[in-house]
Protein chains: 2
Amino acid sequence: MPFPWGPSLMRRMYRSWSGPIRKTAPPLLGSLTRYLMLSTQRRISDFNSFVVRTNTCGELRSSHLGQEVTLCGWVQYRRQSLFLILRDFHGLIQVVIPQDESAASVKKLLCEAPIESVVQVTGTVISRPPGQQNPKMPTGEIEIEVKTAELLNSCKKLPFEIKDFMKKTEALRMKYRYLDLRSSQMQYNLRLRSQMVMKMREYLCNLHGFVDIETPTLFKKTPGGAKEFVVPSREPGKFYSLPQSPQQFKQLLMVGGFDRYFQVARCYRDEGSKPERQPEFTQVDIEMSFVDQAGIQKLIEGLLQYSWPKDKNPLTVPFPSMTYTEALDLYGTDKPDTRFGMKKYLKSKDFEVIKKFAVNHFNQEVSPLFLKTSGSGKSPFTKLLKEEEKTALISLMGAQEEDVLLLTAGEHKKACSVLGKLRLECADLLEARGVVLRDPTVFHFLWVVEFPLFLPKEEDPTELESAHHPFTAPHPSDIHLLYTEPEKVRSQHYDLVLNGSEIGGGSIRIHNAEQQQYVLETVLKEDVKLLSHLLQALDFGAPPHGGIALGLDRLVCLVTGVPSIRDVIAFPKSFRGHDLMSNAPDYVSPEDIEPYHIQVRRPEVTDRKDVKSVICETESSQQLVLPSLAKTENPLEKLALGQTPELLERRKSSKYPDNQ
Amino acid sequence: MPFPWGPSLMRRMYRSWSGPIRKTAPPLLGSLTRYLMLSTQRRISDFNSFVVRTNTCGELRSSHLGQEVTLCGWVQYRRQSLFLILRDFHGLIQVVIPQDESAASVKKLLCEAPIESVVQVTGTVISRPPGQQNPKMPTGEIEIEVKTAELLNSCKKLPFEIKDFMKKTEALRMKYRYLDLRSSQMQYNLRLRSQMVMKMREYLCNLHGFVDIETPTLFKKTPGGAKEFVVPSREPGKFYSLPQSPQQFKQLLMVGGFDRYFQVARCYRDEGSKPERQPEFTQVDIEMSFVDQAGIQKLIEGLLQYSWPKDKNPLTVPFPSMTYTEALDLYGTDKPDTRFGMKKYLKSKDFEVIKKFAVNHFNQEVSPLFLKTSGSGKSPFTKLLKEEEKTALISLMGAQEEDVLLLTAGEHKKACSVLGKLRLECADLLEARGVVLRDPTVFHFLWVVEFPLFLPKEEDPTELESAHHPFTAPHPSDIHLLYTEPEKVRSQHYDLVLNGSEIGGGSIRIHNAEQQQYVLETVLKEDVKLLSHLLQALDFGAPPHGGIALGLDRLVCLVTGVPSIRDVIAFPKSFRGHDLMSNAPDYVSPEDIEPYHIQVRRPEVTDRKDVKSVICETESSQQLVLPSLAKTENPLEKLALGQTPELLERRKSSKYPDNQ
């Protein structure tokens, strides 16, 4: 009887926890002092050049005492009619509201300016009186004795208070994104992102001679490339496509002798509505000639080390590496979170949850094996195991008293996946009890290598498809198998995983035209005509080359410790692809699309019958709205005409499973 | 009788030439040595990290004598069977082909590798024998004594020789763009572009605290914003739009407290087929809060000075400035080329050309006035002028013996425009004779300011439209006129002109919601609902702000001195918006557009009758192809089905004037 339940995974889950028990770390809510760390981590930028202010609100200290300064900022709050707290991106400063008769107009202005109005003040930096210093405030030793003040713009009544904004629903935050951006967390996120990207550019461009090259986003459909937005052209029936990555162009740049290319590239993917996906996203796109896998890995390790924020613990390189097979065996996934093994704080009711989870999500039975003081194990499974098998298992797992093993049986990959998911489920259960398993301030990078080059197609397992993309080179040791047993070929693809999320992936590419044609035509049965330009390019002196792309949104999301990539994007779309602020996408006039030789295809009558309810996207949590359909003859026509633009057709669950 | 012929323009044309006569500067064909200037203008980049080579071909010098090196490059050419010249982006190096028996395999490989094959060699840097040094070659004192060699990729017969590539037709260059990119000129252009942008980022981000923020490209249609590509969404009838600039987002970022924003932003504009326009282009997009016009101008002067290539003469700041009215009066255009005045090398037959040009292009008569030694002027005009008027004119123009004045009469702006165009026409005529008027190595920047805020609509001059865009603030001195005589209001818009090309434009924006609403609703009669999010944002504490956008493609084109922006873009589209390499845009399957609720609208029968000929875009110069339409029942159906994808429907000239 085989043991297909991933014993190594179990051992890992079981053994490698050794940290102290801590409460889950508090979410990284931005503090104004962190801005200072950001802005002083490099040579000092001049934030006051070219503008009317002499200083930022947040930068003033006792060292500025006696200086006359001009500040511009937003009214954060007032303390009686005595003090006004002014805010800019850099921090807060206390302005003393003058009380004497001669400054009546300044007093009036400062007392009456509504919260979040924009104010300019000129005055002198003075010490706060003894006992009135605020040690929690970076500017807490000083205040501004104001001479003149100007109301630059008055603020109307806000839909909410800025400081509490993070507690608002996401839909409200998105509708008033420009207000949300004033929060210290969003200021921190986007400024950190800008600085990390700038450091990456310095590393690539200045230190290592990479060339920043922009590639087109109006391209053509990639063979097999589903999920590409189309852009109608002025020629009937012809469309551009918004590419999912600059893959073809970066390879053509290598053929063109641009040796070391990078681009912070805007990419597009239309996945309908999926949580944590954006229709447009950004990747740090890199390609090099004359390089091998180790070279790319070293480059990326250096890149991340160089661009890593100074307010985080520095990174240690090289990053650990494991093969795809090891990752699946040990962690049940190709993107293991290596911050934790597993720990024994599960209660018996937890095992019911876990077993139910496995059945509901994977239709897979799982059995826990409890190790007792006696050294024997108790499990429904034990009936099925001979005593020596049980002993062998316990010994194999290195299991000790009070340990629990989770066992399952089945097809290898599926069984491993179930155990991998259960490992994360267990982590959720334990963290709900306050055990810190996945410390967000700890960063575990991991290379996963030696992926299979091809996978059986889901719809027809006798056919193969690329595990990643058709340009990936086979592993040098497996090239002979390409022509005999392609399903056994490992690739030169590598993934970079951070804390259980894939944040990058790349490969050494095929640079031989014949091999590329064989893969496309014979193995993948693709129409090579669509890629004739690339095949031809490989024939005209293409150098060996390889590259990688890092998912910038995800990376910054993990670095800043925020819950969603929407928190590191200035103007993200909702999970349905809407801009809730401007209401994009929107209806257009027939004249707007006339030059493109397209017309809107109204849903068929047969479709209309399916419309039982519509969903109103006013909140990130969906509200089911059941409009009185009887009152309108044709609700979809109403939708299409924009009379009820906030209403969305509810799709069939089969097509849009993530909406459910 | 008024003198509406722009006397100041004439005076300028006439007076300000003072340079020596030179032959037109040779076109800036790339020389390999220029790469060195590029790469040493900053701290040395390591071009050899992470890869198998130890050095680039172009960097080796006598100082490397005796070193064992590994080089990777392309076979440039062979001299007999004795030397192989290897090339990479950095330059050329001579490899000695070993002649002794023991190295027979290396000899065979190096002798047989086709031109443009990719080769890796390892060997020792040695001195060339006395008398064999090549002083014209940066690596001309040395050569490589090769030990091992490897053929990394063989090259098939090329469609042309790389070194002559610049002489090929543009269509051939575009079809094989990856080969074109190997030319020294294209390597120079794109590397220079990358370095200029990097320096701009250092200036903005590191020196002045700007935040690089990415804004969405999937947006909604801008009110009045024609020329926007549409992207169908998965909701019937709803479309995204690809914006022409991040204008709304950058202003919303200011409202969001991001004080100093920049982005190297991809922008989109569908102008059908226009020469020197690309459907996607790049602008350096900047916005600041608490800034005035002078602040933005100073910022940009510093930015260009800092990022200016070290192999060009350094820039002098501040740049000169002139008002829109002055520019029109003096130069007959709002983007004057101030590199030249005008000079008197015109021959009598030239005046016939000039007069014909004015009539043909502007339906405007122009008269030359020749000044004779006698001090009198000879002109068909002189009949119409009284003697004292003639004397006054000559004195006004400061005209001297042998000078020629070009005179015209008519509506002021039109007359000025004609004279402005004629000035350029005269410059063409003179340069055709070898007089250098517009030295491409000289860079004349100019600010043009105080544009009108509104212009009469061409189709209905009683209505006004924005001269630039509706968010531009009125000039402070003219605010009172906004509500009484809006057509007289000057704006706070500024253009940056370089050598007669507009390379940037920006403005201080309206930050007051009421004023913005008045402009949109009352002056421009726009539907404010579409901009309700922006108007609301201005009410919630919008700071005073302004910005600018530089056209990066045009700027780099002028800096590198190449004839077209296509020479500074890695993969440009043809003037019809085609990628001639990959054949984008292309036909898609009905399944590809099915999720977007659109269908292709075939041309109407009435349209079909117009199809008399089709144009085949195989060359940048158009070839008229007259297909035998009689043989096919429905030629457009054929087009739409992709059977003859290279054939394009020829549009009516009225709609696409630039195709003619």
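In the text below, chain A, chain B and the rest are named by the order of the sequence lines, each starting its count at 1.
In terms of heavy-atom pairs under 4.5 angstrom with chain A, the leader among B:Leu531, B:Ile569, B:Leu218 is B:Leu218. Interface summary for chain B: among A:Asn48, A:Val600, A:Asn153, A:Val118, the most heavy-atom pairs under 4.5 angstrom belong to A:Asn153. For the set B:Phe219, B:Tyr268, B:Phe210, B:Trp74, the entry with the most heavy-atom pairs within less than 4.5 Å of chain A is B:Trp74. Comparing B:Gln278, B:Gln297, B:His511 by heavy-atom pairs within less than 4.5 Å of chain A, the highest count is held by B:His511. Per-residue counts of heavy-atom pairs under 4.5 Å with chain B were compared for A:Ser233, A:Ala570, A:Cys72; the largest is that of A:Cys72. Across B:Lys298, B:Lys157, B:Arg201, B:Gln120, the residue that shares the most heavy-atom pairs under 4.5 angstrom with chain A is B:Arg201. Interface remark: of the candidates A:Lys573, A:Arg266, A:Met581, A:Arg266 forms the most heavy-atom pairs closer than 4.5 Å to chain B. Of the listed residues (A:Thr56, A:Leu242, A:Asn512, A:Val230), the greatest number of heavy-atom pairs within a distance under 4.5 Å of chain B belongs to A:Val230. In terms of heavy-atom pairs under 4.5 Å with chain B, the best-connected choice from A:Val52, A:Ile213, A:Leu299 is A:Leu299. Taking B:Ser582, B:Pro159, B:Gly295, B:Pro544 one by one and counting their heavy-atom pairs under 4.5 Å with chain A, the maximum is reached by B:Ser582. Ranked by heavy-atom pairs shorter than 4.5 Å toward chain B, the options A:Gly541, A:Gly209, A:Pro232 are led by A:Gly541.
Using a 4.5 Å cut-off between heavy atoms, B:Met288 touches chain A through its side chain atoms alone. In this structure, the portion of A:Leu552 lying under 4.5 Å from any heavy atom of chain B is its side chain and not its backbone. In this structure, chain A has heavy atoms under 4.5 Å from both the backbone and the side chain of B:Leu252. Within the 4.5 angstrom heavy-atom criterion, only side-chain atoms of B:Gln263, from C-beta onward, approach chain A. Heavy atoms closer than 4.5 Å to chain A are found in the backbone of B:Leu538, but not in its side chain. For A:Thr217, the parts lying near chain B are the backbone and the side chain together; criterion is any non-hydrogen pair under 4.5 Å.
A heavy-atom distance below 4.5 Å is found between the side chains of A:Phe258 and B:Arg191. A 4.5 Å side-chain heavy-atom check between B:Pro543 and A:Leu152 finds every atom pair outside the cut-off. Taking 4.5 Å as the limit, some side-chain heavy atom of B:Tyr178 sits within range of a side-chain heavy atom of A:Gln536. Residues B:Asp46 and A:His208 meet the side-chain proximity criterion, which asks for heavy atoms closer than 4.5 Å. Counting heavy atoms from C-beta outward, A:Lys220 and B:Asp579 have side chains that stay 4.5 Å or more apart. B:Ile598 has its side chain within reach of A:Phe239: a pair of non-hydrogen atoms, C-beta onward, lies under 4.5 Å apart. The closest side-chain heavy-atom distance from B:Arg182 to A:Val255 is below 4.5 Å.
Ring geometry for A:Phe571 against B:Phe249 counts as tilted: the plane angle lies between 30° and 60°, on a 0 to 90° scale. Taking the six-membered ring where the residue is Trp, A:Tyr240 and B:Phe229 present perpendicular rings, their angle passing 60° and hence far from 30°.
Going from atom NE2 of B:His533 over to atom NZ of A:Lys175 covers 10.5 Å, rounded to the nearest 0.5 Å. A:Glu594 contributes atom CD, which lies 5.0 Å from atom CZ of B:Arg601 (distance to the nearest 0.5 angstrom). Summarising the geometry, atom CG belonging to A:Asp212 is positioned 10.5 Å from atom CG belonging to B:Leu190; distances are rounded to the nearest 0.5 Å. Atom CG of residue B:Leu181 and atom CE of residue A:Met254 lie 10.5 Å apart, to the nearest 0.5 angstrom.
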Side chain to side chain donor-acceptor pair (under 3.5 Å) for A:Thr282 and B:Glu214? Distances and angles first, verdict last. CA-CA 9 Å; A:Thr282 304; B:Glu214 299 169 69; 2.5 Å; yes

Show your reasoning for whether side chain to side chain contact (heavy atoms under 4.5 Å, CB included) applies to B:Met198 and A:Asn206. CA-CA 8 Å; B:Met198 187 63 199; A:Asn206 293 352; 3.6 Å; yes

Stepwise, does the side chain to side chain contact (heavy atoms under 4.5 Å, CB included) test hold for A:Gln195 with B:Val211? CA-CA 8 Å; A:Gln195 291 190 356; B:Val211 189; over 6 Å; no

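In this structure a side-chain-to-backbone donor-acceptor pair under 3.5 Å is present from B:Arg260 to A:Phe47. When atom types are taken as modelled, the side chain of B:Lys221 and the backbone of A:Val588 share no donor-acceptor pair closer than 3.5 angstrom.
Residues that satisfy the side chain to side chain donor-acceptor pair (under 3.5 Å) test with B:Tyr596, not counting sequence neighbours, are A:Asp270.
Of the residues B:Arg53, B:His90, B:Gln187, the one that meets the side chain to side chain donor-acceptor pair (under 3.5 Å) test with A:Asp259 is B:Arg53.
Ion pairing between a basic and an acidic side chain is recognised when a charged N comes within 4.0 Å of a carboxylate O; B:Arg576 and A:Glu235 show no such pairing.
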